[in-house]
Each structure stands twice: as C-alpha cells, then as structure tokens.
Amino acid sequence: PTYQREYRWKLERWEQLLDDIQQNNDGYFIGALIFIRATPNDGGLQEFNVVDGQQRLATVSIMLAALYRATRERIESIKDQMDDGSNHVTSLTQRIDAASRKINKLDGKGSLSDRDRATLAEKRYAKQNDEQKLKTEIANRTKRQAFLEQLIGIKAPLEETLLINEPRHNLIDRPRLKLSGQKQDNTRYRDVLKHCGVFSKNDELPGKDSLPMEAKRHNIGKCFRYFYTRFSESKNSLSHEELVGFHRSVMSLQVVDIKADSNADAYVLFESLNNRGEPLTGLDLIKNSILADIDDDTRQSNRRFAISLDDASIKWNNFVQMLSDPKDQEKFLRHLYLAFKTAKPEFSVNTGQKITARFLISDIYPTIAAANAEKLLTHFIDNAAIYAQIAHPQQILETAMKRGLMSVLYVEAIPARILLLYLLVQYPVLKHEIIPKVTDDLVKFFIRRHLTDVPKTRDLDDLFVEIVDEVVTLGATATSSAICDVVHKKLKNSLGDLAQIKTLLAQDIDKSNFA
C-alpha cells in the first residue's frame, strides 16, 4: 500500500541475504510476512496488502529478475556455442573424410616416393588430430546440451514466480508484486522487469542498456545490478550448475505466512512479532542444549559432570559477555568448529554435509553437547576471549600483534579468523613472533583476492581449514618460522596471477564491476 515506506535496502543487506542463501541448506527461514486481505476470499484470485516484509519481498523479487535475465543470456550463449560447435563438427568431419580418401589413395599405390611417404605421414597425423578434436567437440556438445536443458528448466518457473498469467481472470503478464508508490518504487520495479525480459519471454532479450537511467540511480536498479553481476556469465560468476542450484535454494526459502482480515488484527500481530523481546539467536539454541543436558545430569545418581546447573549458567553468561554481538557469536560458532575439527576431534562430527551455521546449530553442536555438555561449555569459554581479540583487536594493548590484527580487520579478512584462532590458542608462547608475519601475508593476500575474486568467497573457509590442517601436522613443538612458511606458501599458491590485477586496474571505471 501507498503508506508503506519506500525501498531502502542497500549493499550490506543484499550481501547478507545472498550469503545467507548460499551458506545455508535449502529451506532457509527468512522470517514472518504479515498481510491484510484486500479482496474477498471467494475462490477468485486474491490480493493482499503487505504489512510486514515488503523489503524482503521486493529484494527477493528483484533478485529473481536478475536471475531470469542471467538465465536467458546463458541459454542464448549456449545455443550460439552449439551452433558454432555444429559447424566445427561438420568442418572436422569433412577434413577427416578428405584425409581418409587421400590416405586410402596413397595406401593403394605400390611403391611410394619420399614425397608420397611424407604426405601419407602428414595426412595420418592430421586425421588423428582432427579425430581427437571431433571427440572433444562431441563431448562438449553433450555437456552444453545438459546445461541448456537445466537452464531452460528454470526459465518458465521464474516467469510464473514473477508474473501472473490467468486468462480466466483476464490477467496476462501482471507482476505478482506491486511495490509502494513512494519514490516511484513501483515504476522502477516495472522498469527492472522489462529490462530482465520477463515481459518479452518469447522475443529477443532487451539490450544491456535498456534499463532507464532513473532506474539505475534508484535503489531498486542498484539492487538489480548487484545481483545481476553475481549471476551473469563471466569468469568469476556462478557456474551453470551453481546457478540452477541457487534458483532451487531461493525457491525453497521458508517464511511464516500470516494473513489478517483487518488492519487492527494486522497491527496487533505486527506489534507482537516486533516488540516481544529479542529473537532467539543460534547461541541461545546451543545454550539450551548444553544446560538441558547438565540439568538432566544433576537428576541422575551416576553423574557424568562435576559442574552444577547454577555454575554452568554463570559460566555461560560470562562467556556471552565476551561476545555480545549476535553476528560475532554466529561467526565464532563456525570458526571455532572449523579451526579445531582436525586438532580436537572430540569437538567435531563426521558428516559429508557442508558446515553451515544452520547445520552447526541444529545438528552438530547438539550432538557434541549430548556426548559431553560440560566439555563443550569449557571449549567455548576457553576460546571466546581469544576470538573477541581477533574480532575487536582495538581492545589489545599496543603491540605488533595488535597492529597486525587491526590490519586484518581493515581488509575484512573474516575467514582468516579460522587460522588466527587456531594459532593463538595452540601457540601462545610464539604468538608475538607468528601473528605479525602471518597477518602481513593475510593483508597482501586479501587485497589481491578482493581485486581478482580468486579464490572465490565460497572457497575461503576451506582454504583456511586446509592451512590449519597443514600446521597441525607440524605438531606442538613447531618453530615460528616453520608455521609462517606453511601459511605463506599456501596463501601464495592460492592467489590469482598478477595479470588479472593489472587487467582490472587498467579498466575504465565505467566498464568495471562498479557499474
């Protein structure tokens, strides 16, 4: 409705939503949506006014529009490649046939001159080379066909998600979502839908410059450009399979869908959801697992834990005070697990699944707590203060270590906390030798990584787990130089080459990814 605020989300929120979808399993929960019925519930097509959730609905819809355009571009690109490939197959087949005829003709001669023998060897080599090229081209064609079918498979569902097509209700190509009239939000949203090609789904895709300048400057246009640059086909974008998987993840997002019959009812619901205390965090859920196990233990005659429930609660509160920011808490849970899953197997669970925050909270940490809740609580307490220093190094007294950690903070090297946490916990005596050298390498690594996007963001956690695993093999008596050498070599081998950086820096700003 018109009274709703204009679209306000910016880069930080777009990045957070994208990270949440990519880093969690399918079925990720994005909160409650509250609606008021705007048309009767009489079996016809219903309209609802959005009371709470308009920013999320708008962002996901714009994201799907970007995904749709990127999908159509890839479909066209693959079709062009397949046409080129067919021509190449025809050309190679003709060359192989011509070479075969020449070889058969020469083989049919009795004695061959030196020139004929040279020609025969040349033709056989050329035929063998072309046959290998033909085999490769046919294999590529099979892959392209599979990719094409996958992408075509998500095109129609995207159209149905963005638009209503109900001939029986006289509705054709009507956007499912109508944004507020504030700041011309709905006009800009329709501009985005036109640009993504969903209104011309069976015609030629609108040109890359078809988005009006007024829309480009608007938050809605900027949001579209952000997601489009992540999905469009380029060297560092998602692969075809990843794009299809991302569509599946978006379409499986979970919400609590609440429909009210009046403004009064909707207002009561809105106030209840937004003003009834703080929402549960992941750490709260793990706390429940730990304290419930300790509480259950106090009722047993053959107790496993020495700690009482009251003492455990006090320790937990002290621990939470070290990491008061919920975002720090969530990162701590993941980074702690990844840092010690090899060195301290009692704090890991064998699983083939990706270690997401949701999986840690719902399965892994409750499983570890069930084995020994007191030990897990101690593990949290022993490492929280050190993690707080990494996340907020301004708290440390002035040292070379502080300067190094501050530099890592400035370059936003968050995945590197996995390595830093392990080093600070395992080598406290050597930390003033190790940390300045390691953080210097990390700063150089992340500056280059930010420019080249190599390694990809999704691979950084795995990289630092690999580095930790190599350091683990050095043992507790490792020298600072040996540890620093392992880190240096691994980071160096994971970087993009200098040519990529030079190319990016040489680009005109209007043609770069800042657009």
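Since we're looking at a predicted model, the values are computed, not measured.
Salt-bridge check for E12 with K10: failed, with every basic side-chain N at 4.0 Å or more from each acidic carboxylate O. With salt bridges taken as basic N to acidic carboxylate O contacts below 4.0 Å, none links E242 and R74.
A distance-only check finds a donor-acceptor pair linking the side chain of Q254 to the backbone of S252 [under 3.5 Å]. Not one N or O on the side chain of R448 forms a donor-acceptor pair closer than 3.5 Å with the backbone of L495. Formation of a donor-acceptor pair under 3.5 Å by the N317 side chain with backbone atoms of S313 is found in this model. In this structure, the side chain of N49 does not engage the main chain of I36 through any donor-acceptor pair within 3.5 Å. The backbone N or O of P345 sits less than 3.5 Å from a side-chain atom of S348, completing a donor-acceptor pair. Of the possible polar contacts, none joining the Q54 side chain to the L179 backbone as a donor-acceptor pair under 3.5 Å is found. A distance-only check finds a donor-acceptor pair linking the side chain of R56 to the backbone of I30 [under 3.5 Å]. Under the 3.5 Å distance criterion, the side-chain polar atoms of D453 are left unmatched by any main-chain donor or acceptor of K456. Judged by distance alone, the side chain of R72 and the main-chain N or O of G197 form a donor-acceptor pair under 3.5 Å. In this structure, the side chain of S249 engages the main chain of G245 through a donor-acceptor pair within 3.5 Å.
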Check against salt bridge (charged side-chain N to carboxylate O under 4.0 Å, His left out), E346 and K344: CA-CA 5 Å; E346 65 270 29; K344 297 184 178 182; over 6 Å; no
Steps toward side chain to side chain contact (heavy atoms under 4.5 Å, CB included) verdict (H335, I390): CA-CA 11 Å; H335 293 159; I390 298 170; over 6 Å; no
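Heavy-atom contacts from other residues, nucleotides or ligands closer than 6.0 Å to NZ of K201 number more than 12. More than 12 heavy atoms of other residues, nucleotides or ligands sit less than 6.0 Å from atom CD of Q395. Around the CG atom of N87, the shell of radius 6.0 Å holds more than 12 heavy atoms that belong to other residues, nucleotides or ligands.
Side chain to side chain, Q145 and E149 meet the donor-acceptor criterion of an N or O pair below 3.5 Å. Side-chain contact of H392 with D328: a donor-acceptor pair under 3.5 Å is present, judged by distance alone. Using modelled atom types and a 3.5 Å distance limit, the side chains of Y7 and T59 yield a donor-acceptor pair. A donor-acceptor pair shorter than 3.5 Å can be found between the side chains of Y228 and E73. In summary, the side chains of Q81 and S77 do present a donor paired with an acceptor at a separation below 3.5 Å, with no hydrogens or angles considered.
The aromatic rings of F231 and F246 sit tilted relative to each other, their planes meeting at an angle between 30° and 60°.
Contacts classified as salt bridge (Lys or Arg N to Asp or Glu O under 4.0 Å) and involving residues 13-24 (residues at least two apart or in different chains) are not found. Screening residues 356-379 for ring-ring contact (aromatic ring centres under 6.0 Å, His included), with sequence neighbours left out, gives F340-H379, F347-H379, Y365-F380. Residue pairs meeting the salt bridge (Lys or Arg N to Asp or Glu O under 4.0 Å) criterion with at least one member in residues 154-163, sequence neighbours excluded, are K155-E159.
The salt bridge (Lys or Arg N to Asp or Glu O under 4.0 Å) search around R144 returns E137, not counting sequence neighbours. In this view, H450 and F446 satisfy the ring pair (Phe, Tyr, Trp, His ring centres under 6.0 Å) rule, not counting sequence neighbours.
Side-chain contact check for L163 versus R174: every heavy-atom pair is 4.5 Å or farther apart. Contact check for I355 versus K341: no side-chain heavy atoms found under the 4.5 Å cut-off.
Once rounded to the nearest 0.5 Å, the distance linking CG of L442 with CG of L420 reads 5.5 Å. Going from atom CG of D173 over to atom CG of L193 covers 10.5 Å, rounded to the nearest 0.5 Å.
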Throw together a table of side-chain donor-acceptor distances under 3.5 angstrom for residues 460-469, partners on residues two or more places apart or in other chains.
unit_1	atom_1	unit_2	atom_2	d
D461	OD2	R334	NH2	2.0
E466	OE1	K490	NZ	3.1
D469	OD1	T342	OG1	2.7

